[in-house]
Amino acid sequence: MDDPVLLTGAGGRVGEAILDGLAEEYEWRLLLHSPPDGEPDHEYMIGDVTDDALVRAAVEGVGAIIHLAGDPRPEASWDSVLANNIDGTQKMYEAAVEEGVEKFVYASSNHAVGAFETDERTPEMYREDDDFLLDGTELPRPGNLYGVSKATGEVLGRYYHDTYGIDVCNVRIGNLTRGHPPIDYERGQAMWLSYPDCAHLHQRALEADYDFEIVYGISDNDRKYYSIERAREALGYDPQDNSAHFDGEEKVVEES
Ligand SMILES: NC(=O)C1=CN([C@@H]2O[C@H](COP(=O)(O)OP(=O)(O)OC[C@H]3O[C@@H](n4cnc5c(N)ncnc54)[C@H](O)[C@@H]3O)[C@@H](O)[C@H]2O)C=CC1
Ligand SMILES: O=C1O[C@H](COP(=O)(O)O)[C@@H](O)[C@H](O)[C@H]1O
């Protein structure tokens with residue numbers, strides 16, 4: 001990707017993981033919601049993704065967008081996800097197709113399919129010996145309004161891809177934590193995404209050739225109930241981390 005890459009929600013956790021790993025790999029344009037504490041190392045703009053004029057200015061001249069901005073709280077209200085997640089994503093897509101942006105990488109979520117985790121399946125499905133596996137071909141099944149907003153973002157991508165041809169990669173991100181997997185949280189360990197694997201996955205989403213994809217964004221965890229085969233096949237994703245290699249905060253197995 002030779003053109004600049006727009007990273008929305010750049011001041012958040014996923015943005016931090018991506019910039020940690022890929023700061024030098026691209027010419028970044030960051031979209032921040034509020035003024036940063038220090039001076040960022042990259043070009044940046046400040047504003048809200050529901051602001052048409054700001055969004056158009058942010059998208060001008062970029063070749064790709066990684067769209068992270070939004071309300072990430074599973075308990076977020078309808079008013080919040082309607083504005084920040086759904087309307088904001090639609091405005092990003094509209095500006096992207098008008099500007100001729102090639103690739104749109106969208107931060108979807110495990111919560112788009114959270115209602116597959118029924119009382120009958122849990123907690124067994126979070127364990128290594130259970131064979132329940134979602135692969136991205138299933139219909140969304142959100143368990144909260146935040147999940148509804150993430151599924152809606154995926155459908156917006158389907159529409160803008162089918163109608164305007166923009167390449168779209170929806171990443172159903174699991175549970176991103178820095179350094180080690182969540183502790184005493186089987187579900188979080190099953191869907192752990194390490195910071196380095198997060199950066200690598202987004203790099204592959206910027207570099208690979210595809211049309212419209214839905215992939216799961218997790219590390220190569222033994223416990224997984226999300227398949228990462230589509231991410232491997234379509235993007236060339238090759239995760240290096242596995243929550244089973246940790247005992248609490250300690251890494252107890254080194255990869256060979
Ligand atoms: N952290 C995780 O484990 C997961 C994150 N995601 C998704 O990844 C994306 C980023 O999540 P995090 O980095 O964890 O959240 P975060 O809250 O750390 O970062 C989100 C950023 O977006 C900004 N933002 C929110 N509304 C905005 C608006 N209307 N206009 C402009 N900026 C706005 C916030 O100020 C914040 O800097 C979200 O879309 C979230 O749904 C999905 C699954 C898991
Ligand atoms: O979509 C998201 O999912 C992660 C993991 O969900 P959780 O219910 O196990 O916490 C969450 O941490 C993150 O904030 C959210 O955006």
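We count ligands from 1, going down the list as the structure has it; atoms in each ligand are counted the same way. As the structure is a prediction and not an experimental result, all values here were calculated from the model. Side-chain atoms are counted along with the backbone in the values below, which use heavy atoms only and exclude waters and symmetry mates.
Atoms of ligand 2 found under 4.0 Å from any heavy atom of Arg187, numbered from 1 in the order shown, are 6 (O), 7 (P), 8 (O), 9 (O). Of all the atoms in ligand 2, the ones that sit under 4.0 Å from a non-hydrogen atom of His111 are 1 (O), 2 (C), 3 (O), 6 (O), 7 (P), 8 (O). Counting atoms of ligand 1 from 1 in the listed order, those under 4.0 Å from a heavy atom of Gly9 are 21 (C), 22 (O). Counting atoms of ligand 2 from 1 in the listed order, those under 4.0 Å from a heavy atom of Pro72 are 13 (C), 14 (O), 15 (C), 16 (O). Taking every heavy atom of Gly174 and a limit of under 4.0 angstrom, the matching atoms of ligand 1 come to 3 (O), 43 (C), 44 (C). Listed by atom number, the atoms of ligand 2 under 4.0 Å from Tyr185 heavy atoms are 7 (P), 8 (O), 9 (O). Here is the list of ligand 2 atoms found below 4.0 Å of a heavy atom in Arg13: 13 (C), 14 (O).
Considering each of Ser109, Gly147, Gly174, Pro74, the one bringing a non-hydrogen atom nearest atom 4 (C) of ligand 2 is Gly174.
Given atom 5 (C) of ligand 1, the protein heavy atom at minimum distance is Val14 CG2, 3.9 Å. For atom 32 (N) of ligand 1, the nearest non-hydrogen atom of the protein is His33 CG, 3.3 Å. If you check which protein heavy atom lies closest to atom 41 (O) of ligand 1, you get Tyr146 OH, 2.5 Å. Considering only non-hydrogen protein atoms, atom 3 (O) of ligand 2 sits nearest to Asn110 ND2, 3.1 Å. Distance from atom 16 (P) of ligand 1 to its nearest protein heavy atom, with residue and atom name: Gly12 CA, 3.9 Å. Protein heavy atom nearest atom 25 (C) of ligand 1, with residue, atom name and distance: Gly70 O, 3.2 Å. Protein heavy atom closest to atom 30 (N) of ligand 1, with residue, atom name and distance, is Val49 N, 2.9 Å. Nearest protein heavy-atom neighbour of atom 29 (N) of ligand 1: Asn84 OD1, 2.8 Å.
The shortest N or O to N or O distance between Pro72 and ligand 1 is not below 3.5 Å. Considering backbone and side-chain atoms together, Ser109 places no N or O closer than 3.5 Å to any N or O of ligand 1. By the 3.5 Å distance cut-off applied to N or O atoms, Tyr146 is counted among the residues near ligand 2. Polar contact check, Asn175 against ligand 1: no nitrogen or oxygen pair lies under 3.5 Å apart. At least one N or O atom of Asp48 sits closer than 3.5 Å to an N or O atom of ligand 1. On a distance-only criterion, Leu68 and ligand 1 share at least one N/O pair closer than 3.5 Å. Taking any N or O of Arg13, backbone or side chain, at least one lies under 3.5 Å from an N or O belonging to ligand 1. At least one N or O atom of Lys150, backbone or side chain, sits closer than 3.5 Å to an N or O atom of ligand 1. Where the criterion is an N or O separation shorter than 3.5 Å, residue side chain and backbone included, Leu176 meets it with respect to ligand 1.
Aromatic rings from Phe246 and His180 are positioned such that their centres are separated by 6.0 Å or more. The distance between the ring centers of Trp28 and Tyr44 does not fall below 6.0 angstrom. The aromatic ring centres of Tyr225 and Tyr126 sit less than 6.0 Å apart.
A heavy-atom separation below 4.0 Å is not found between Ala10 and ligand 1. Using a 4.0 angstrom heavy-atom cutoff, Gly47 counts as in contact with ligand 1. Note on ligand 1: His111 sits outside its first shell, no heavy atom being nearer than 4.0 Å. Using a 4.0 Å heavy-atom cutoff, Arg73 is absent from the residues neighbouring ligand 2. Residue contact annotation: Ser108 has a non-hydrogen atom under 4.0 Å from ligand 1. Taking 4.0 Å as the cut-off, Thr50 does not count as a neighbour of ligand 1 on heavy-atom distance.
Counting only heavy atoms from C-beta outward, the side chains of Glu99 and Glu60 approach each other to under 4.5 Å. A heavy-atom distance below 4.5 Å is found between the side chains of Arg172 and Glu154. A heavy-atom distance below 4.5 Å is found between the side chains of Arg127 and Arg223. Between His67 and Tyr93, the closest side-chain pair of non-hydrogen atoms is not below 4.5 Å. You'll find the side chain of Asp241 stays beyond 4.5 Å of the side chain of Asp220, heavy atoms only. Within the 4.5 Å cutoff, no side-chain heavy atoms of Leu201 are placed close to those of Pro239.
If you run side chain to side chain donor-acceptor pair (under 3.5 Å) between His33 and each of Asp48, Asn84, Thr8, only Asp48 comes through. Tested against Leu6, the residues Leu31, Leu30, Val55 include a single side chain to side chain contact (heavy atoms under 4.5 Å, CB included) partner, Leu31.
A cation-pi arrangement is present between Lys103 and Tyr210 under the rule of less than 6.0 angstrom and at most 45 degrees off the ring axis. A cation-pi contact, defined as under 6.0 Å to the ring centre and within 45° of the axis, is absent between Arg121 and Phe116. With Tyr237 as the aromatic partner, Arg232 does not meet the cation-pi criteria of under 6.0 angstrom to the ring centre and within 45 degrees of the ring axis.
Counted by atom type alone, Asp135 and Ser227 present zero donor-acceptor pairs between their side chains at under 3.5 Å. Looking only at atom types and distance, the side chain of Asp222 has a donor-acceptor partner in the side chain of Asn242 under 3.5 Å away.
Closest approach of Ala58 to Met45, counting heavy atoms only: CA-SD, 3.4 Å.
Contact annotation: for Glu117 versus ligand 2, there are no heavy atoms closer than 4.0 Å.
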